[in-house]
2 protein chains.
Amino acid sequence: MTSAQPTPDNGSPVPKPRPSTIEDVAREAGVSRAAVSKVIRNAYGVSERMRTQVEAAIERLEYRPRVAARAMRGASFTLGFEIPQVGNDFLTMIVDGATEALAATPYQMIIAPLGREQKSDVAINSLADRQVDGIVAIAPRVDPAWLERIAERTPLVMIGRHDRSDRYDTITGDDRSGAEQVMSHLIELGHRRIVHLTIHPSRPEPPWAGQAGDEPHVIRTAVYRERMLALGLEPSVIHTLFDGSEAHEVTRALLDSPEPPTAIFAGNDTLAIGILSAIAEAGLDERDVSVVGYDDVPIARHPLVSLTSVDQDGVTMGREAARLLLERLAGRTTAVQLENAPRLHERRSSARPRRP
Amino acid sequence: MTSAQPTPDNGSPVPKPRPSTIEDVAREAGVSRAAVSKVIRNAYGVSERMRTQVEAAIERLEYRPRVAARAMRGASFTLGFEIPQVGNDFLTMIVDGATEALAATPYQMIIAPLGREQKSDVAINSLADRQVDGIVAIAPRVDPAWLERIAERTPLVMIGRHDRSDRYDTITGDDRSGAEQVMSHLIELGHRRIVHLTIHPSRPEPPWAGQAGDEPHVIRTAVYRERMLALGLEPSVIHTLFDGSEAHEVTRALLDSPEPPTAIFAGNDTLAIGILSAIAEAGLDERDVSVVGYDDVPIARHPLVSLTSVDQDGVTMGREAARLLLERLAGRTTAVQLENAPRLHERRSSARPRRP
DNA sequence: TCCCTCGACTGAATCCTTTCAGCGCCCTCC
DNA sequence: GGAGGGCGCTGAAAGGATTCAGTCGAGGGA
């Protein structure tokens with residue numbers, strides 16, 4: 001990065017123009033503050049004449065309501081999304097779906113991304129502190145009881161985990177079915193040495209004690225184990241970090257081992273992409289090592305990648321999450337659980353093994 | 001998505017527990033509100049004894065300051081990022097860099113994503129309304145004068161565009177140099193029929209009148225034109241939407257044309273990925289049509305993709321953007337311009353043409 | 001001993017919006 | 001013609017933090 005070029009300070013300290021307030025608008029329009037407030041919020045009890053007057057004043061003064069002040073008594077018109085990994089395209093799909101669903105509403109979406117070493121609760125707390133009107137948490141690694149405490153104050157939709165609650169809504173994919181489809185597919189192709197590579201489950205430590213079994217990845221792993229054992233095969237599970245680079249390293253080591261797998265079932269597509277890169281670098285292809293991912297992110301469809309993957313329709317999940325929050329804000333108090341049916345898309349990355 | 005399973009309302013309307021306020025903490029610790037405030041903000045004039053007392057009370061009451069209330073008089077400890085396209089991995093890199101830079105600070109980052117049809121100003125306004133302490137805008141398609149008005153009130157860093165301002169800081173890549181590298185590379189490989197496929201520039205309409213020339217993509221296009229004309233070749237520029245799918249369609253049509261190009265210079269990697277998919281689907285490869293992208297997103301390095309691309313180090317841009325904002329918040333009033341030097345990474349996607 | 005200074009702490013004002021109780025006024029209905 | 005009700009609007013309180021001017025007490029210097 002080239003050295004900075006500071007522009008000379010022109011001496012005159014620019015006086016910050018005070019942005020206009022609802023008070024200014026009221027004075028300008030010759031009405032009370034309360035009246036202006038009603039116009040803004042489209043509330044009941046506003047004559048046509050006053051509406052046009054106030055709107056004109058708002059226009060003239062370029063008035064914009066301060067969200068902070070609104071939040072103190074009313075609503076912030078903001079929905080917060082906790083996103084565990086910004087670069088993950090599955091999460092992007094969720095955001096896309098939600099953006100679309102929110103487009104015609106007065107609600108603005110904000111995203112609190114998780115830092116590399118940050119925990120979910122930091123981001124969720126940060127959203128709650130900002131008094132968002134609703135929160136979407138994606139497979140958060142926190143204690144369900146803690147989540148319920150948050151949900152007591154702020155409508156919350158949790159995407160991914162399979163625990164249920166009366167307090168918050170959940171949206172899940174049927175991870176059992178998805179993983180079954182993957183395993184059936186690989187087994188039918190004739191694979192026997194199948195490795196499962198996935199992310200670390202949340203550690204079973206307080207305050208999040210031993211509930212990891214509800215996490216999507218953990219369920220997929222369980223299905224993998226069952227199916228392997230049912231065939232009298234030895235399961236082999238490897239855990240890595242979220243980011244695909246460790247998956248890449250691990251795969252490279254696997255390929256160098258005396259008896260490398262003929263197939264790898266990846267916990268998600270981000271990992272699968274990392275795995276594919278190691279296989280390609282080694283000069284191998286799908287008939288040496290097949291790979292199946294999970295999420296069906298856009299790049300999986302790309303003909304150069306052509307990754308077999310489980311589609312769980314993240315866009316719909318995001319859209320539904322937004323809808324559920326809006327419903328809650330409109331008054332619903334009962335909890336809702338949605339589950340969608342995943343579907344395996346078979347592509348080039350999975351094939352019959354060259355030698356079983 | 002499977003039908004909803006409403007949990008039965010258990011009748012007892014749960015009384016929302018009132019979260020504790022600074023008042024409660026003050027009472028609990030036997031001090032004044034102002035004292036608690038000072039402890040929280042690490043302000044001057046706090047004895048060791050009082051600090052420990054107050055901190056204990058905060059702990060006991062699980063007190064968390066309300067950002068909305070803080071924002072009304074002080075700071076919101078929030079930095080806002082306007083992101084024009086959530087799925088774009090270059091923008092993800094910027095966010096990653098910024099997240100890292102902010103990790104050790106009390107500042108939390110929030111992202112305002114742009115909807116499909118939304119304009120930059122909506123997202124930027126929305127951040128300003130939320131009284132974030134600073135804003136990062138990425139190649140926003142708004143009038144520079146408008147941006148300066150925002151910057152009068154809130155420190156602002158603009159990434160991408162090449163216009164300068166005394167009011168806000170800018171971070172750019174040297175797009176001229178980057179585009180020169182691309183064109184030199186393609187020409188040296190022997191390409192002559194080179195098409196440039198890029199995104200639509202902002203329309204030269206009020207309130208953003210005819211300043212599109214400062215946009216990174218427009219500069220890259222200008223360089224392309226110059227180099228083609230210098231060789232006596234006819235430039236051919238095609239504009240598409242942000243998203244790679246239209247690039248895919250357009251490329252397919254190009255390949256079917258009587259005299260298809262031997263190389264395509266893509267305005268960014270997202271487009272390049274879309275172009276590559278059309279080429280691969282047509283059963284062609286880099287010796288039929290070479291492709292060069294811009295941004296060097298992570299997937300470009302993937303051996304299955306191996307896209308030649310210009311690296312402008314988005315992670316550093318994000319980190320620097322965060323740093324510049326923190327500097328402003330610490331008191332700097334002069335504007336700073338940073339520019340980094342892009343570097344072309346040659347990969348498999350660009351090769352000598354099979355027949356020139 | 002008295003005055004002054006300085007550090008630690010407090011009380012009250014302030015930020016901007018929503019909400020709620022209440023007040024005229026006009027219309028309708030009996 | 002009076003009661004009642006609905007509509008349109010207002011004034012003031014409330015919400016939770018920061019900030020500023022000031023108070024108090026201890027310690028130092030003359």
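Lettering of chains follows the sequences in order, A, B, ..., and the numbering in each one begins at 1. All of these numbers come straight from a predicted model, not from anything done at the bench.
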Asker: Would you mind classifying the nucleic acid contact of Ser37(A) as base, sugar-phosphate or nothing, using non-hydrogen atoms under 4.0 angstrom?
Answerer: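 The answer is base, as Ser37(A) lies within the cut-off (heavy atoms under 4.0 Å) of a base atom.
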
Asker: Where the side chain of Thr21(A) is concerned, which of dA12(D), dC16(C), dA17(D) is the nearest nucleotide?
Answerer: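 The nucleotide sitting nearest to the side chain is dC16(C).
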
Asker: Kindly point out which of dA12(C), dG11(C), dT17(C) is positioned nearest to the side chain of Ile22(A)?
Answerer: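 Of the options given, the side chain of Ile22(A) lies nearest dT17(C).
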
Asker: Give one of base, sugar-phosphate or nothing for Val31(A), where a contact means two heavy atoms less than 4.0 Å apart.
Answerer: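 Since only primed, P, OP1 and OP2 atoms lie under 4.0 Å of Val31(A), the category is sugar-phosphate.
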
Asker: Starting at CG of Leu61(A) and ending at C1' of dC16(C), how long is that distance when rounded to a whole Å?
Answerer: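 My rounded result for the distance is 15 Å.
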
Asker: Say you draw a straight line from CG of Leu324(A) to CE of Met317(A); how long is it, rounded to the nearest 0.5 Å?
Answerer: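 Separation between the atoms: 12.0 Å.
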
Asker: Could you tell me the separation between the CG atom of Asp133(B) and the P atom of dA17(D), rounded to a whole number of Å?
Answerer: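 Whole-Å distance recorded here is 17 Å.
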
Asker: Where each residue is assigned the nucleotide of DNA chain C containing its nearest heavy atom, which of Ala69(A) and Gly45(B) is assigned the position nearer the 5′ end?
Answerer: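 Counting from the 5' end, the first nearest nucleotide belongs to Gly45(B).
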
Asker: Does a salt bridge link Lys119(B) with Asp121(B), judged by any charged N lying under 4.0 Å from a carboxylate O?
Answerer: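 Asp121(B) and Lys119(B): not salt-bridged.
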
Asker: Counting any heavy atom closer than 4.0 Å, what does Val46(B) reach on the DNA or RNA strands: base, sugar-phosphate only, or nothing?
Answerer: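 Touches sugar-phosphate only.
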
Asker: Is there a donor-acceptor pair under 3.5 Å between the side chain of Arg130(B) and the backbone N or O of Ser126(B)?
Answerer: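 Checked: pair present.
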
Asker: Is there a donor and acceptor pair, one atom on the side chain of Arg73(B) and one on the base of dT14(C), closer than 3.5 Å?
Answerer: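 Between dT14(C) and Arg73(B), which were checked side chain against base, a qualifying N/O pair under 3.5 Å is present.
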
Asker: Counting only side-chain heavy atoms from C-beta out, which of dT18(D), dT18(C), dG15(D) sits nearest to Met72(A)?
Answerer: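 Within the option list, the nearest is dG15(D).
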
Asker: Between Glu48(B) (CD) and dG7(C) (P), how many Å, whole number?
Answerer: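 Taking atom P of dG7(C) as the reference, CD of Glu48(B) is at 17 Å.
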
Asker: What is the distance from atom CE of Met50(B) to atom CD of Glu55(B), rounded to the nearest 0.5 Å?
Answerer: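 Separation between the atoms: 10.0 Å.
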
Asker: Do Arg323(A) and Glu320(A) meet the salt-bridge criterion of a basic N to acidic O distance under 4.0 Å?
Answerer: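 Yes.
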
Asker: Between dG15(D), dC9(C), dA13(C), which one does the side chain of Met50(B) approach most closely?
Answerer: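 From the listed options, dC9(C) comes nearest.
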
Asker: Between C1' on dT17(C) and CZ on Arg70(A), what's the gap in Å once rounded to a whole number?
Answerer: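 Rounding to the nearest Å, CZ of Arg70(A) and C1' of dT17(C) are 8 Å apart.
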
Asker: Once you round it to whole Å, what is the distance between C1' of dA17(D) and CZ of Arg64(B)?
Answerer: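 One finds 15 Å between C1' of dA17(D) and CZ of Arg64(B), rounded.
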
Asker: Where the side chain of Lys38(A) is concerned, which of dC9(D), dT10(C), dT18(D) is the nearest nucleotide?
Answerer: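 Looking only at heavy atoms from C-beta outward on Lys38(A), the closest nucleotide is dC9(D).
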
Asker: Taking for each residue the nucleotide of DNA chain D with the nearest heavy atom, is it Val36(A) or Arg33(A) whose nucleotide lies nearer the 5' end?
Answerer: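 Nearest nucleotide further toward 5': that of Val36(A).
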
